[in-house]
Peer 1: 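Got a structure here, written out as structure tokens. Questions coming.
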Amino acid sequence: MLERTLVTIAETETIEEAFRRLNANMLGILFAQDAEGRIVGAVTDGDIRRRMLTGITINDQVAACVNRSFVFAHAGGPREQILKLLDQRVHVVPILDGEGRLVDVFSRELFNLSEESEVFARARSPVRISFSGGGTDLTHYFVAHDGGAVINATIKMYAHATLRRRSDGRIRIYSHDFRRTIEAANLAELGTGADLALIKSVVRLIKPAYGFELEVSADFPVGSGLGGSAVVSSAIIGCFNEFRSDQWDRHEIAEMAFQAERLMLNIPGGWQDQYATVFGGFNHMEFSSDQNTIVPIRLDPNIIAELEESLVLCYAGSGRDSGAIHRDQKAQHTTSDAVAAATKQKEVTRDIRRHLLRGQLLECGRLIDEAWHAKRKMSSKISSDELDAIYDFAKQHGAVGGKLLGAGGGGYFMFFVRPFERYQLIEALEQRKHSCSRIMFEENGLRTWKSRFPAQSGRPI
């Protein structure tokens with residue numbers, strides 16, 4: 001931007017001073033100001049010379065030469081509007097604020113670019129529901145028993161993360177769900193304490209070489225059985241990934257989320273949650289000691305819509321400890337009952353996949369019931385008398401089948417129901433103080449992007 005004194009002139013200044021400024025700014029135009037500093041018109045070299053032919057002199061005031069019907073643009077207006085003015089009508093466009101004061105001047109050669117904006121990274125990662133196979137994705141199981149298999153799908157319930165880089169090394173982390181803020185002078189000071197341990201673990205794994213501010217929130221309660229820990233982890237990793245020139249791919253992000261929770265924090269659990277939230281959609285997953293294979297299931301949109309209308313989520317309450325349940329499963333996995341139950345889970349997983357692809361959803365509902373009864377045999381901690389009572393009550397009021405999502409012990413039940421019996425089931429469950437909700441499937445997995453907030457505009461020059 002040129003100096004203000006080179007592009008503006010008071011109406012009361014002399015024509016001689018106007019010539020001096022016109023020669024200095026090389027634009028061939030000045031903008032006349034009134035006593036309050038508002039722009040009231042434009043003055044060009046041609047305007048002045050035409051008026052001097054009528055008898056005024058260089059000692060007269062500029063006001064006598066001002067063109068008060070001049071072209072201008074409003075501050076904060078579309079950039080394209082200025083370009084269009086320059087393309088067809090004028091060579092110089094003044095930018096005025098709401099009070100008519102000069103903010104900037106654009107010409108065909110002088111077009112100031114926007115100031116660099118502050119950039120934020122954002123991420124949104126969906127939770128999953130599982131239809132069958134939970135427990136067979138535990139490493140100790142699939143290594144010893146010729147692989148594991150699960151089938152799951154992501155739904156429109158998310159963890160959210162926002163990340164801003166700092167110019168210093170300080171760290172600030174805020175968890176909306178726990179209403180907790182952690183601040184540290186640097187990564188070493190952040191430590192490994194129990195307070196927001198999962199978030200700290202992810203950050204320690206990434207080892208960012210800069211300070212940052214991170215906010216995390218979730219649409220679901222802690223201990224929901226929807227794979228929430230993996231969802232939060234992947235959202236955080238996704239935010240940091242936005243600032244990398246060599247970005248991690250989806251497999252790497254899922255593996256990093258697994259490492260942060262399962263290995264660094266030593267929290268037992270399976271593999272499906274991390275892959276489900278990162279990849280998104282319906283997936284059939286197979287796990288072995290050699291590799292993890294994620295195969296998308298492409299369903300007809302009408303099948304997906306019908307499945308959404310046939311499923312009910314019912315919150316059974318929190319209080320679960322997935323780590324303890326998985327530890328018990330590991331202790332029991334060599335017993336004949338547990339082995340037979342896991343084998344049944346894998347069989348049902350294959351059958352559900354086949355019926356899903358053909359749109360035979362009632363059969364899927366019956367198979368989900370079989371999968372739940374099989375899973376209960378893998379550990380006595382998966383269910384309880386209270387949870388069994390909720391399940392039996394749901395079947396008495398229209399549910400064809402269902403299962404407790406996640407490791408068990410609490411969280412959400414998913415029930416399959418026939419047409420015309422959905423609201424009967426919901427009303428009955430809500431009368432027992434169990435909140436129910438719809439399921440809407442999410443075809444996308446982890447989504448990350450950058451957002452920016454432009455620098456303040458409209459400040460007088």
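Excluded from the calculations below are hydrogen atoms, water molecules and symmetry mates; all remaining heavy atoms, backbone and side chain alike, are included. Positions are given from 1, in the same order as the sequence printed here. These numbers come from a predicted model, not from an experiment.
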Peer 1: Should we count CD of Glu430 as having more than 12 external heavy atoms under 6.0 Å?
Peer 2: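 More than 12 heavy atoms, drawn from other residues, nucleotides or ligands, come within 6.0 Å of this atom.
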Peer 1: What's the separation between atom OG1 in Thr8 and atom CG in Asn25, rounded to the nearest 0.5 Å?
Peer 2: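 Going from the OG1 atom of Thr8 to the CG atom of Asn25 covers 10.0 Å.
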Peer 1: Identify all side-chain donor-acceptor contacts of residues 150-159 below 3.5 Å with residues at least two apart in sequence or on another chain.
Peer 2:
{"from": "Asn152", "atom 1": "ND2", "to": "Gln272", "atom 2": "OE1", "distance (Å)": "2.8"}
{"from": "Thr154", "atom 1": "OG1", "to": "Gly281", "atom 2": "N", "distance (Å)": "2.7"}
{"from": "Thr154", "atom 1": "OG1", "to": "Glu442", "atom 2": "O", "distance (Å)": "2.6"}
{"from": "Tyr158", "atom 1": "OH", "to": "Glu442", "atom 2": "OE1", "distance (Å)": "2.5"}

Peer 1: Can you see which heavy atom on Phe415 is nearest to which on Cys314, and at what distance?
Peer 2: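 Between these two residues, the closest heavy atoms are CE1-CB, 3.9 Å.
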Peer 1: Would a distance-only check, ignoring hydrogens and angles, find a side-chain to backbone donor-acceptor pair under 3.5 Å from Thr162 to Glu215?
Peer 2: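 Not confirmed, Thr162 side chain does not pair with Glu215 backbone.
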Peer 1: Please say whether more than 12 non-hydrogen atoms of neighbouring residues, nucleotides or ligands are located less than 6.0 Å from CG in Asp146.
Peer 2: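 Not buried by this count: 12 neighbours or fewer within 6.0 Å.
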Peer 1: Is the backbone of Glu309 close enough, under 3.5 Å, to the side chain of Arg422 for a donor and an acceptor to pair up by distance?
Peer 2: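 Yes, because the side chain of Arg422 sits within donor-acceptor range (under 3.5 Å) of the backbone of Glu309.
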Peer 1: Taking salt bridge (charged side-chain N to carboxylate O under 4.0 Å, His left out) as the cut-off, I'd like each qualifying pair that reaches into residues 267-281, sequence neighbours left out, listed once.
Peer 2: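 Every pair satisfying salt bridge (charged side-chain N to carboxylate O under 4.0 Å, His left out) with a residue in residues 267-281: Arg128-Asp273.
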Peer 1: For salt bridge (charged side-chain N to carboxylate O under 4.0 Å, His left out), just list the numbers for Asp388 and Arg376, CA-CA rounded to whole Å, side-chain angles, deciding distance to a tenth of an Å, and then say yes or no.
Peer 2: CA-CA 10 Å; Asp388 288 344; Arg376 289 174 67 251; 3.0 Å; yes
Peer 1: Without swapping roles, check the side chain of Glu421 against the backbone of Ala399 for a donor-acceptor pair under 3.5 Å.
Peer 2: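 Checking the backbone N and O of Ala399 against the side chain of Glu421, no donor-acceptor pair under 3.5 Å is found.
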Peer 1: Could you tell me how the ring of His176 sits relative to the ring of Tyr174: parallel (under 30°), tilted (30 to 60°) or perpendicular (over 60°)?
Peer 2: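 The arrangement is perpendicular - the two ring planes meet at more than 60°.
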Peer 1: Just to verify, what does Phe416 make a ring pair (Phe, Tyr, Trp, His ring centres under 6.0 Å) with, not counting sequence neighbours?
Peer 2: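 Listed in chain order: nothing, the list is empty.
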Peer 1: Go through the steps to decide whether His160 and Asp219 satisfy the test side chain to side chain donor-acceptor pair (under 3.5 Å), and finish with yes or no.
Peer 2: CA-CA 8 Å; His160 310 265; Asp219 300 337; 3.1 Å; yes
Peer 1: Determine whether Ile426 and Arg438 make a side-chain contact, defined as any pair of heavy atoms from C-beta on separated by less than 4.5 Å.
Peer 2: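 Sidechains of Arg438 and Ile426: no contact.
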Peer 1: Okay, side chain of Glu189, backbone of Ala185: is any donor-acceptor separation there less than 3.5 Å?
Peer 2: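 Side chain of Glu189 to backbone of Ala185, a donor-acceptor pair under 3.5 Å: yes, one is there.
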Peer 1: Do Glu118 and Arg164 sit within salt-bridge range, that is, some charged N less than 4.0 Å from a carboxylate O?
Peer 2: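 Salt bridge flag = yes for Arg164 with Glu118.
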Peer 1: Report the C-alpha distance between Glu363 and His355 in whole Å, list the side-chain angles of each, state the deciding distance to 0.1 Å, and finish with yes or no for side chain to side chain donor-acceptor pair (under 3.5 Å).
Peer 2: CA-CA 7 Å; Glu363 288 303 314; His355 288 299; 4.6 Å; no
Peer 1: Decide if atom CZ of Arg244 counts as having more than 12 heavy atoms of other residues, nucleotides or ligands within a radius under 6.0 Å.
Peer 2: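 Count over threshold, so yes.
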Peer 1: For the CD atom of Gln360 and the CD1 atom of Ile303, what is their distance to the nearest 0.5 Å?
Peer 2: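 The CD atom of Gln360 sits 9.0 Å away from the CD1 atom of Ile303.
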Peer 1: Does CD belonging to Glu242 count more than 12 external heavy atoms closer than 6.0 Å?
Peer 2: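 Buried by this count: over 12 neighbours within 6.0 Å.
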Peer 1: So does Val339 get a backbone contact from the side chain of Thr343, meaning a donor-acceptor N/O pair under 3.5 Å?
Peer 2: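 Here the side-chain-to-backbone pair exists.
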Peer 1: Testing the basics here: between Gly238 and Leu446, what is the closest heavy-atom pair and its distance to 0.1 Å?
Peer 2: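 Of all heavy-atom pairs spanning Gly238 and Leu446, the closest is CA-CD2, 4.1 Å.
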Peer 1: Begin with the C-alpha distance, continue with both residues' side-chain angles, and end with the deciding distance and a verdict on side chain to side chain donor-acceptor pair (under 3.5 Å) for Glu286 and Thr293.
Peer 2: CA-CA 5 Å; Glu286 295 185 347; Thr293 304; 5.3 Å; no
Peer 1: Describe, in one word, how the ring planes of Phe413 and Trp372 are oriented to each other, choosing from parallel (under 30°), tilted (30 to 60°) and perpendicular (over 60°).
Peer 2: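 Because their plane-to-plane angle is over 60°, the rings of Phe413 and Trp372 count as perpendicular.
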Peer 1: Does this structure show an ion pair linking Arg166 with Asp168, if we count only N-O contacts that are shorter than 4.0 Å?
Peer 2: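 Yes, this pair counts.
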Peer 1: Is there a donor-acceptor contact under 3.5 Å from the side chain of Asp137 to the main chain of Gly135?
Peer 2: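 Yes, the answer is positive, given that a donor and an acceptor are paired below the 3.5 Å cut-off.
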Peer 1: For residues Lys375 and Ser383, is any side-chain donor paired with an opposing acceptor at under 3.5 Å?
Peer 2: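 Not at all, the side chains of Lys375 and Ser383 share no donor-acceptor pair under 3.5 Å.
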Peer 1: One thing to verify: whether Asp369 and Arg366 come together as a salt bridge, which I'm taking to mean a side-chain N less than 4.0 angstrom from a carboxylate O.
Peer 2: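 Between Asp369 and Arg366 there is no salt bridge, as every charged N stays at least 4.0 Å from the carboxylate O atoms.
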Peer 1: Does anything in residues 222-269 form a ring pair (Phe, Tyr, Trp, His ring centres under 6.0 Å)? List the pairs, not counting sequence neighbours.
Peer 2: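 Pairs touching residues 222-269 that pass the test: Phe212-Phe240, His251-Phe279, Phe258-Trp271.
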Peer 1: Does any part of the side chain of Tyr315, heavy atoms only, come nearer than 4.5 Å to the side chain of His434, both counted from C-beta?
Peer 2: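 Of all side-chain heavy-atom pairs linking Tyr315 with His434, none is under 4.5 Å.
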Peer 1: Side-chain contact, heavy-atom cut-off 4.5 Å: Leu226 with Ile129?
Peer 2: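 They are in contact (side-chain heavy atoms under 4.5 Å apart), so the answer is yes.
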Peer 1: For Phe131 and Phe282, take the angle between the two ring planes, folded into 0 to 90°, and tell me which bin it lands in: parallel under 30, tilted 30 to 60, perpendicular over 60.
Peer 2: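 Ring orientation, 0 to 90° scale: parallel.
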Peer 1: Does Arg432 have more than 12 heavy atoms from other residues, nucleotides or ligands lying within 6.0 Å of its CZ?
Peer 2: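 Correct, the count exceeds 12.
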Peer 1: Measuring from Lys346:NZ to Ser132:OG, what's the distance to the nearest 0.5 Å?
Peer 2: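 So the gap between those two atoms works out to 11.5 Å.
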Peer 1: Please name all residues satisfying side chain to side chain donor-acceptor pair (under 3.5 Å) with Ser175, sequence neighbours left out, ordered by chain then number.
Peer 2: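 Counting only residues at least two positions away or on another chain, Ser175 forms no side chain to side chain donor-acceptor pair (under 3.5 Å).
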Peer 1: Count the heavy atoms belonging to other residues, nucleotides or ligands that lie under 6.0 Å from OH of Tyr210, then report whether that count exceeds 12.
Peer 2: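 Count over threshold, so yes.
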Peer 1: Thr277 side chain to Gln274 main-chain N or O, any donor-acceptor pair under 3.5 Å?
Peer 2: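 Not at all, since once roles are kept as given, no pair shorter than 3.5 Å links the two residues.
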Peer 1: Go through the steps to decide whether Met264 and Leu205 satisfy the test side chain to side chain contact (heavy atoms under 4.5 Å, CB included), and finish with yes or no.
Peer 2: CA-CA 8 Å; Met264 295 175 66; Leu205 175 64; 3.8 Å; yes
Peer 1: Any sub-3.5 Å donor-acceptor pair from Asp177's side-chain atoms to Ala218's backbone N or O?
Peer 2: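 Yes; at least one donor-acceptor contact below 3.5 Å.
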Peer 1: If we ignore hydrogens and angles and just use 3.5 Å, is the side chain of Tyr275 paired with the main-chain N or O of Ile294 as donor and acceptor?
Peer 2: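 No, the answer is negative, given that no donor and acceptor are paired below the 3.5 Å cut-off.
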Peer 1: Taking CZ in Arg447 as the centre, count heavy atoms belonging to other residues, nucleotides or ligands within less than 6.0 Å. Is the count above 12?
Peer 2: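 No.
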Peer 1: Residues two or more places apart in sequence or in another chain: which of them pass side chain to side chain donor-acceptor pair (under 3.5 Å) with Ser201?
Peer 2: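 Partners of Ser201 by the side chain to side chain donor-acceptor pair (under 3.5 Å) criterion come out as none, since no residue qualifies.
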Peer 1: Given side chains that start at C-beta, do those of Val92 and Val105 come closer than 4.5 Å, heavy atoms only?
Peer 2: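 In contact.
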Peer 1: Of the non-hydrogen atoms in Leu138 and Gly269, which two are nearest, and what is the gap between them?
Peer 2: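 Nearest heavy atoms, Leu138 then Gly269: CD2-C, 3.2 Å.
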